[in-house]
Amino acid sequence: MRLVSLGSGSKGNATLVESNNACLLVDCGLSVRELKRRMGEVNRQPEDLSGILLTHEHSDHRRGVLAVARKYSVSVYMTAGTAAAMKGELSETEAIEIVRGDNTLPIEDIGVTPVAVPHDAREPVQYLFASRGVTLGVLTDLGSITPHVLASYGRCDGLLLEANHDSAMLAEGPYPASLKRRIAGDWGHLSNGQTAALLEALDCSRLQGIVIGHISETNNAQARVEAQLDPYVAGIPAVHYASQEQVTDWLTLE
Ligand SMILES: [Zn+2]
Ligand SMILES: [Zn+2]
């Protein structure tokens, strides 16, 4: 399996996860045109998609999802809570498949498992992908580290993981107090320190590669992320940093 981040951050998230037979898009916070352009950078096109997995209804994840689904006739997978939150936008035109936490569904040769996470959306999940003995995890948009998250992500060969904010930069930054509380709260996003604690708690010995993502452009800086995470990622063969505007290199797992 392999993974590439097409864009990551509060202005739009989109990730491709591929096996030999399937090409899955996790979230689409990009417009149709921008998705097409960024997929083109890695020699893919929207017509290649086997499915779209939506994590939750926040606009930085959902913005282009339904338009892409309609234009290219791709099924969208989401929880019942996410579908309820998007009720006003859904029509007969899109093929919506409802997923449930911990219930693995096969899409081509990939077993896809949604994992419930604490985040301030209706029924947010993140995803695990398993194919031919390799497990890949996508884990962004969570406010705290639950035992369920630790148990679910403990055996990954590759991981896309959020390091959203630096706690001091968030506290001193320009956001209103209510938004600061939301982001730092148990239903918001992981700080660099929480991401470090998560990496320390997980068994990272199997990890062939990691992509650090959903890094805030306002409340974080890559140098701060690196300073906090270096002790935990130093032993991982491939370490990539995803950004809002740049497509990353492929993370390929054997
Ligand atoms: Zn969110
Ligand atoms: Zn987000």
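These numbers come from a predicted model, not from an experiment. Order of appearance sets the numbers: ligands from 1, and atoms from 1 within every ligand.
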Task: Metal site the Zn ion (ligand 1): N/O/S of H61 inside 2.8 Å - done: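 Given the 2.8 Å cut-off, H61 does not count as a ligand of the Zn ion (ligand 1).
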
TODO: Take D27 and L53 through the side chain to side chain contact (heavy atoms under 4.5 Å, CB included) test and state the conclusion after the steps.
DONE: CA-CA 6 Å; D27 291 327; L53 297 150; over 6 Å; no

TODO: For the pair S191 (side chain) and S167 (backbone), establish whether a donor and an acceptor sit closer than 3.5 Å, ignoring hydrogens and angles.
DONE: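 A pair under 3.5 Å: no.
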
TODO: Take L139 and V117 through the side chain to side chain contact (heavy atoms under 4.5 Å, CB included) test and state the conclusion after the steps.
DONE: CA-CA 9 Å; L139 184 57; V117 289; 4.0 Å; yes

Open item on the list: Quick one about H240 and D249 (side-chain donor to acceptor, distance below 3.5 Å, no hydrogens or angles considered), yes or no?
Closed with: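 D249 vs H240: no donor-acceptor pair found between side chains.
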
Task: Polar side chain donor-acceptor pair, H58 to D141, under 3.5 angstrom - done: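 Their side chains do not contain a donor-acceptor pair, so the 3.5 Å distance test is not met.
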
Open item on the list: Please give the atom name: the N, O or S atom of D60 nearest to the Zn ion (ligand 2).
Closed with: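 Closest N, O or S atom of D60 to the Zn ion (ligand 2): OD2.
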
TODO: Measure from the Zn ion (ligand 2) to every N/O/S atom of H214 and report the name of the nearest one.
DONE: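 The closest N, O or S atom of H214 to the Zn ion (ligand 2) is NE2.
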
Considering just N/O/S atoms, say which atom of [X] is closest to the Zn ion (ligand 1).
X	result
H58	ND1
D141	OD2
H119	NE2

Open item on the list: Closer than 4.0 angstrom, basic N to acidic O: yes or no for R37 and E34?
Closed with: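 The answer is yes: the pair qualifies as a salt bridge.
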
TODO: Please confirm if an N, O or S atom belonging to H189, backbone or side chain, lies less than 2.8 Å from the Zn ion (ligand 2).
DONE: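 No, outside the cut-off.
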
